[in-house]
Amino acid sequence: MTFVFRFLGLGVAMILASCAHMQVADFAGQRPLLDPTKFFAGRTRSEGVMENRGGVPKQRVTTTTAGRWEGDTLILEQDLNLGDAKPQHRSWRIRKVDQHHYVATANDMIGSATGEAYGNVFHWDFTLALSPGNPLANVRMSQWMYLQPDGRTLINHSTIRKFGIVAAQVTEQFRRDAR
């Protein structure tokens, strides 16, 4: 009987340990430093792939963005193409709160996005309204962005959840136009 309790205790400990989340601050020493408001000021483009919850590639993802400053707020206009679907447009307003924290709103976002940056990594979470007015169509987005050594390339990994379950993932590479 003692063996069973030890086995169960070990199993529970392993499960809890696997639930530990990566912290953005863990990347504080990584370079180059990523400030998303500086990276997305000007023009960027991205290409990537959306995968279903099983990891099967489903559609190509591309974006073009143009960012400009209005006071301390970055206004980001983003055109998003998902496969053959009708192109989407997202208007972002991003503001740096302090050395590591950011807040943003967008035309199809519920509430605001909150994020933090340390070293070469930025992470934020937000809720998108896929069908405005229908809360059952909302999805939760978690994006992890990693600035690459050249300072012009950023890898973004997005996890899209519906009712807490992973519905899809997007991996894309953003490239800043030369300045």
Side-chain angles (χ1 to χ4, degrees), residues 14-27 30 34-37 39-40 43-67 74-94 101-148 152-176:
M14 289 175 61
I15 289 170
L16 291 175
S18 71
C19 294
H21 285 81
M22 181 169 53
Q23 300 296 313
V24 182
D26 294 343
F27 295 89
Q30 300 296 312
L34 173 56
D35 177 335
T37 59
F39 182 86
F40 286 104
R43 296 194 177 278
T44 60
R45 301 175 190 280
S46 78
E47 293 185 348
V49 64
M50 179 180 281
E51 300 173 341
N52 69 13
R53 59 188 270 164
V56 176
K58 287 299 185 184
Q59 54 192 341
R60 186 171 180 234
V61 176
T62 62
T63 66
T64 56
T65 60
L74 178 66
I75 307 300
L76 188 63
E77 301 296 335
Q78 183 178 54
D79 292 314
L80 171 67
N81 295 289
L82 295 169
D84 296 329
K86 179 182 171 188
Q88 301 172 30
H89 182 80
R90 185 168 294 138
S91 295
W92 294 86
R93 298 181 62 80
I94 306 169
H101 297 92
Y102 298 79
V103 65
T105 58
N107 58 305
D108 56 353
M109 187 183 294
I110 305 296
S112 59
T114 57
E116 61 181 330
Y118 283 87
N120 69 333
V121 174
F122 176 69
H123 173 254
W124 63 1
D125 289 301
F126 53 93
T127 300
L128 278 182
L130 296 180
S131 179
N134 179 1
L136 295 177
N138 294 348
V139 295
R140 190 77 183 155
M141 302 285 295
S142 176
Q143 294 185 320
W144 285 86
M145 299 178 184
Y146 306 88
L147 186 60
Q148 300 303 294
R152 292 184 51 217
T153 306
L154 181 137
I155 305 297
N156 177 42
H157 181 76
S158 301
T159 301
I160 304 163
R161 288 184 172 82
K162 179 97 170 151
F163 305 120
I165 299 168
V166 174
Q169 295 187 68
V170 176
T171 303
E172 62 189 319
Q173 175 177 290
F174 282 88
R175 187 92 167 132
R176 232 174 46 184

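Since we're looking at a predicted model, the values are computed, not measured.
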Q: Measuring from atom CD1 of Ile94 to atom CG of Leu76, what distance do you get when rounded to the nearest 0.5 angstrom?
A: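 Going from the CD1 atom of Ile94 to the CG atom of Leu76 covers 5.0 Å.
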Q: Verify the neighbour count for atom CG of Asn134: are there more than 12 heavy atoms of other residues, nucleotides or ligands below 6.0 Å?
A: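 It does: Asn134 CG has more than 12 such atoms within range.
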Q: Between Gln143 and His123, which heavy-atom pair has the shortest distance, and what is it?
A: O-CD2, 3.1 Å
Q: Is atom CZ of Arg93 surrounded by more than 12 heavy atoms (other residues, nucleotides or ligands) closer than 6.0 Å?
A: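 Not buried by this count: 12 neighbours or fewer within 6.0 Å.
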Q: Would you say Leu74 and Phe40 make side-chain contact, with heavy atoms under 4.5 Å?
A: yes
Q: Heavy-atom distance under 4.5 Å between the side chains of Val24 and Trp144, does that happen here?
A: yes
Q: Hey, are the side chains of Arg53 and Ile165 touching, using non-hydrogen atoms and a 4.5 Å cut-off?
A: yes
Q: Enter the distance from Leu82:CG to Arg60:CZ here, rounded to the nearest 0.5 Å.
A: 11.5 Å
Q: Under the criterion side chain to side chain contact (heavy atoms under 4.5 Å, CB included), I'd like the reasoning laid out for Arg140 against Asp125: C-alpha separation, chi angles, the key distance, then a yes or no.
A: CA-CA 7 Å; Arg140 190 77 183 155; Asp125 289 301; 3.4 Å; yes
Q: Return the minimal non-hydrogen interatomic distance between Arg161 and Ser142, and the atom names on each side.
A: NH1-CB, 4.4 Å
Q: Measure the shortest side-chain to side-chain distance between Met22 and Phe27 over non-hydrogen atoms and say whether it is less than 4.5 angstrom.
A: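 Contact flag for Met22/Phe27 side chains = yes.
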Q: If I compare all heavy atoms of Thr105 with all of Gly111, which pair ends up nearest, and what's the gap?
A: CG2-O, 4.1 Å
Q: Compare every heavy atom of Met145 with every heavy atom of Leu34, then report the nearest pair and how far apart it is.
A: CD2-O, 3.9 Å
Q: Just how far is it from atom CZ of Phe174 to atom OG1 of Thr65, taken to the nearest 0.5 Å?
A: 6.5 Å
Q: For the CZ atom on Arg175, are there more than 12 heavy atoms of other groups (residues, nucleotides or ligands in this structure) within a distance under 6.0 Å?
A: yes
Q: Any heavy-atom pair between the side chains of Ile155 and Gln148 that's under 4.5 Å?
A: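 Yes. Closest side-chain heavy atoms under 4.5 Å.
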Q: Just verifying a value: how many Å separate Thr63 OG1 and Asn81 CG, rounded to the nearest 0.5 Å?
A: 8.5 Å
Q: For the CZ atom of Arg176 and the OG1 atom of Thr153, what is their distance to the nearest 0.5 Å?
A: 9.5 Å
Q: Shortest non-hydrogen contact from Met141 to Ser158?
A: CE-CB, 4.1 Å
Q: Just so I know, are the side chains of Tyr118 and Gln23 near enough to count as touching, which here means a heavy-atom distance under 4.5 Å?
A: no
Q: Is any side-chain heavy atom of Phe122 closer than 4.5 Å to one of Tyr102?
A: yes
Q: Rounded to the nearest 0.5 Å, what separation is found between the CD atom of Gln88 and the CG atom of Asp108?
A: 7.0 Å
Q: Please report the closest heavy-atom contact between Trp124 and Ala104, naming both atoms and the distance.
A: CZ3-CB, 3.4 Å
Q: Asn107 side chain to Ser91 main-chain N or O, any donor-acceptor pair under 3.5 Å?
A: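 Yes, the answer is positive, given that a donor and an acceptor are paired below the 3.5 Å cut-off.
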Q: Is the shortest side-chain heavy-atom distance between Arg43 and Thr64 below 4.5 Å?
A: no
Q: Main chain of Glu172, side chain of Asn156: is a donor-acceptor contact present, judged purely on distance under 3.5 Å?
A: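 Side chain of Asn156 to backbone of Glu172, a donor-acceptor pair under 3.5 Å: no, none is there.
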